[in-house]
Each structure stands twice: as structure tokens, then as C-alpha cells.
Amino acid sequence: MLTESEPHYRQPLLKTPFHERARELSQLDSFVPWAGYSTVDVFSSVEQEYFAIRNASSLYDLTPMVKYRVSGPDALRFLNRLVTRDIRKIGTGRVAYTVWCDDEGHLIDDGTVFCIAPNEYRICTAERQLDWFRASAIGFDVEIREVTEDVAALAVQGPTSAKLLKAVGLTGVEHLRPFGHGEFTMPRAAGAGAGPIPMMVSRTGFTGDLGYELWMQPADAEAVWDALMEVGRTRAVRPVGSKALNMARIEAGFVLPNLDFVSAAHSLYLGTECSPLELGLAWLVDFRKGHFTGRRALLAELARGPRRQLVGLDVEGTKPAHNALLYTARSGKKEAGSVTSATWSPTCKRNLALAMVDAPYMATGSSVWAEIYLNRELTWERRMARARVVERPFYAPQRRRATPPADF
């Protein structure tokens, strides 16, 4: 049996600085791997955790998010060559969501770029990208270093998140604008050591709601968790796992690697790669900024039009269309695409899905039919449900952009 004293290479999965606190609150002992770390899938119930995100405050351990420090005289030039957005427009204290592609314009991954200072950036991705980044950096005077283990991260999301952070002493956090970040300090509990806890706070998240992400030293992680949980006892704060977060991100229309797209670096079959244009992320591609990896291929695709596209679907009924094939008619004779993510939305009261749909049927307002299978006491039932192509995001409350947020 492995113990805490075992060296890391003898342990099957790494533990985040929040692991022990999360384990204490885990009622189901349901853990899943993420980027080499053990993370919670569900603490108590998906429903309770989901409603904490939408109606109160939630804590999500974001530490396994892979983080890279990019610095040096050519840091900006390197990033502008790597990603599809114009990073010159991202000033100090700002964050940008972006993607990067291979030479064929196929998506390798998406992530966020933080401008920490001139010639210093942080890239956060779901999967490790060091080999691609370093290969792309040939000829640039830039240093790329993974700092995942150096930074503990905690997402605080929900309509009362700003109030919660102010209550623990993060003065002025309510003035952060969406996709902004800044340096803050949090007072320590009495007798817990000298000096306040420094951290970077960004107004970012994966829920499509009001929310923040806290970036701190691993040694301070438990103290921050304890403070948030203690102050949040009267504010219905709840730790959440990846299943509840997945429901929220589908409502927000966000894509997830290995569900809504497969990285071009990992795909095994021809035709399974996809481009930003096919994922509905054309707004992330700036053709005016000059050359970047995949630009020529994306220009050619833009001229001819994508052959398929990731769209939002409003599906009839209440049964999520998990992994459903899509057809042009109820008869199910001609395929029109497939569902990549699906959920019943308790907030929207709608059956939602993200799906890759062929070109003739991807226009807003188009209808397709989803083939849904239900297991009824070990007996499978097949249902055909009409699905209508709708705009994303499905859910976008005004509070996600309000500055300062409402003081609940």
C-alpha cells in the first residue's frame, strides 16, 4: 500500500495541495485522473454541486491545469506565431482565450494566455504541450518552462463568489473586469503564521457565470481553502467535482478536449481532426496580424467554407443525447453528424447538446434527428428525438460581466 512518504514515481497519481481537504469532504470517494493528478469527480451529488455553481459559490481544484511560463525578449513574437489570436492586443493584467493549430490548420489545443508583465506570459492548457511549444520556439529568444507544480489554483465560481472573496479579505476584487487579473493578499487566520497570503486572482472560469480563479503558492493552498470554507458556511459554499462543472460548461457552450474535439497531435484516424472554424471558434482567428502556424490552411478553409461545424442543439424531451448519432430524417437512413456533449439543463429547463453537424444542416434553425438509447431495467430502448440547431451559449447571465458584481 502506498503512503504519503512514498516517492512520487511510486505513486500512480500525483496529489494536489488541496487533495487532503477535498478527500475529507468527499462522501462518495469518487476520483478521476486529470493531467497526472487525482481529482474529485463528485463530492456528494452532481445536482447539489451544480446548484452551488448557479445559485451560490463553488470551489473547484484547478491545480492540475497545465501551466507554462513563457518569458524572454521574443516571448510576444513567439506567442503571436504560435496562437491564432493577436497577443499584441493583450496588455499586462489581461487574459485571452485562444487556440493553436498545426500547419494544416487542425486544432492542437485551446487554453488561456495571461500577460503577467512585458515579455512574461503564462499559458494554461488542459494537456501538456511542452514538446509542441519548444518545437515552435526554434529561432526565438524565449524560455518556456512548465510551472504546474509551482502554482496551486482554485476556481471560485457562482453568483456570490465576489461577496465570498471580499469576506475573506480580498479587498478590491470586485473591481476586476472579465478576463482581467491582479495581485491580492488574504489575511491569515490568527496564529497561522506571519504575513498575509499573496495570490494572483483572475476573473476567469469555465462555468459561463460570475467567477474567479485564485493562483497561489502550494504551501498556502490549505489555508486559503479553509478560509473560504469557514466564511462560506453561511453562504452555501460547496466544493464541486468535474461532473457538475461539465454541466455548467455545456450550458456556457464551452468546448472540452477529448470530448468535443481530439487534438491533431493525438488523432489516429484521418478526418477526425478539426479546425477552429469547424468548432465555431472563427472569432479567435485573426488573419490580419500576420503569419501564424496554420494560417494558410485556415484561409483556404475560410474561402471554401467548413464541411462541418460544432453547433448547439436543443433536443426534444428530457433524456440527454449522450453520444447520439444525428440523422437528416426520423427514418434514420442518412447521417448528419454526432453529439459530442449533452446534458439536461436544470437552469434552462432544456435538453442541451453540442454536436458536430455536416454543412447542409449546421445553419441556425435547421433540424436533425438524434438517435437516443435508454437503458430500462437492462432493456435498451431506441428513441428518435428532433433536435434544432440554436445559438451558443445556451446560458449567459448578465452577472458574468457585471463590474462590480451585485453585492449578494
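- For the residue pair Q48 and S44, a side-chain donor N or O sits within less than 3.5 Å of a side-chain acceptor on the partner.
- Counting only heavy atoms from C-beta outward, the side chains of V368 and T328 never approach each other to under 4.5 Å.
- The nearest pair of heavy atoms linking A126 to V66 is O-CG2, 4.0 Å.
- Heavy atoms from other residues, nucleotides or ligands lying under 6.0 Å from CZ of R388 number 12 at most.
- We find the OG-CG distance between S161 and D209 to be 7.5 Å, quoted to the nearest 0.5 Å.
- Residues passing the salt bridge (Lys or Arg N to Asp or Glu O under 4.0 Å) test with R128, sequence neighbours excluded: E146.
- Partners of F133 under the ring-ring contact (aromatic ring centres under 6.0 Å, His included) rule, at least two apart in sequence or in another chain, are Y68, W100.
- Between L59 and M229 the shortest side-chain heavy-atom distance falls below 4.5 Å.
- Between the Q157 side chain and the T204 main chain, a donor and an acceptor come within less than 3.5 Å of each other.
- Contact check for R177 versus R94: side-chain heavy atoms found under the 4.5 Å cut-off.
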message: Is there a side chain to side chain donor-acceptor pair (under 3.5 Å) between Y50 and E251? Walk through the geometry before answering.
response: CA-CA 11 Å; Y50 165 83; E251 290 178 337; 2.6 Å; yes

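- With a 6.0 Å radius and a threshold of 12 heavy atoms from other residues, nucleotides or ligands, E24 has its CD atom above the threshold.
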Sequence neighbours excluded and cut-off under 3.5 Å, please list the side-chain donor-acceptor pairs for residues 103-120, or say none.
unit_1	atom_1	unit_2	atom_2	d
D109	OD2	Q129	NE2	3.0
D110	OD2	Y97	OH	2.8
E120	OE2	R69	NE	3.3

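- Side chain of S58 to backbone of V240: no donor-acceptor contact under 3.5 angstrom is found.
- Looking at every heavy atom in both residues, M216 comes nearest to A221 through SD-CA, 3.9 Å.
- Residues L277 and L302 come closest through the heavy atom pair CD1-N, 3.8 Å.
- Between D150 and R145, at least one side-chain nitrogen of the basic residue sits less than 4.0 Å from a carboxylate oxygen of the acidic one, meeting the salt-bridge criterion.
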task: Before giving the answer on salt bridge (Lys or Arg N to Asp or Glu O under 4.0 Å), spell out for K334 and D358 the whole-Å C-alpha distance, their side-chain angles and the decisive distance to 0.1 Å.
output: CA-CA 11 Å; K334 182 180 178 182; D358 294 338; over 6 Å; no

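- In this structure, the side chains of T343 and P320 stay at 4.5 Å or more apart for every pair of heavy atoms.
- In this structure the side chain of V201 never reaches within 4.5 angstrom of the side chain of H181, judged on heavy atoms.
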- request: Give the intermediate values and the outcome of side chain to side chain donor-acceptor pair (under 3.5 Å) for residues T347 and S345.
  value: CA-CA 5 Å; T347 299; S345 168; 5.1 Å; no

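- The shortest side-chain heavy-atom distance between V99 and L281 falls under the 4.5 Å cut-off.
- Side-chain atoms of R400 come within 3.5 Å of backbone N or O of P397 as a donor-acceptor pair.
- Salt-bridge formation is not detected for the pair R295/D286: no Lys NZ or Arg NE/NH1/NH2 atom is positioned less than 4.0 Å from an Asp or Glu carboxylate oxygen.
- Between A52 and R238 the shortest heavy-atom distance is CB-CB, 3.8 Å.
- Atom CZ in R386 sits 4.0 Å away from atom CH2 in W369 (nearest 0.5 Å).
- Of all heavy-atom pairs spanning F18 and A153, the tightest one is CE1-O, 3.4 Å.
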task: Verify side chain to side chain donor-acceptor pair (under 3.5 Å) between N258 and E127, making sure each step is shown before the conclusion.
output: CA-CA 10 Å; N258 299 318; E127 298 184 350; 2.4 Å; yes

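- Looking at every heavy atom in both residues, R203 comes nearest to R399 through NH2-O, 3.4 Å.
- In this structure, R122 satisfies the cation-pi test against W215, with its NZ or CZ atom closer than 6.0 Å to the six-membered ring centre and inside 45 degrees of the ring normal.
- You'll find the side chain of R392 reaches within 4.5 Å of the side chain of V255, heavy atoms only.
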message: Checking R235 against S57 for the side chain to side chain donor-acceptor pair (under 3.5 Å) test, could you report, in this order, the C-alpha distance in whole Å, the side-chain angles of both residues, the deciding distance, and whether it holds?
response: CA-CA 7 Å; R235 294 176 170 83; S57 290; over 6 Å; no

- request: Just do the side-chain contact (heavy atoms from CB on, under 4.5 Å) check on D102 and W132 with the steps written out, would you?
  value: CA-CA 9 Å; D102 61 14; W132 181 260; 4.0 Å; yes

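- Put simply, the side chain of V224 reaches to within 4.5 Å of the side chain of M186, judged on heavy atoms.
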field: salt bridge (Lys or Arg N to Asp or Glu O under 4.0 Å) assessment of D61 paired with R21
entry: CA-CA 10 Å; D61 185 357; R21 293 295 189 268; over 6 Å; no

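- The ring pair (Phe, Tyr, Trp, His ring centres under 6.0 Å) test with H19 is passed by exactly one of F31, W225, Y37: F31.
- Atom NZ of K166 is surrounded by more than 12 heavy atoms from other residues, nucleotides or ligands within 6.0 Å.
- Between the K67 side chain and the M65 main chain, a donor and an acceptor come within less than 3.5 Å of each other.
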- request: Just do the salt bridge (Lys or Arg N to Asp or Glu O under 4.0 Å) check on R288 and D86 with the steps written out, would you?
  value: CA-CA 9 Å; R288 299 167 299 177; D86 191 348; over 6 Å; no

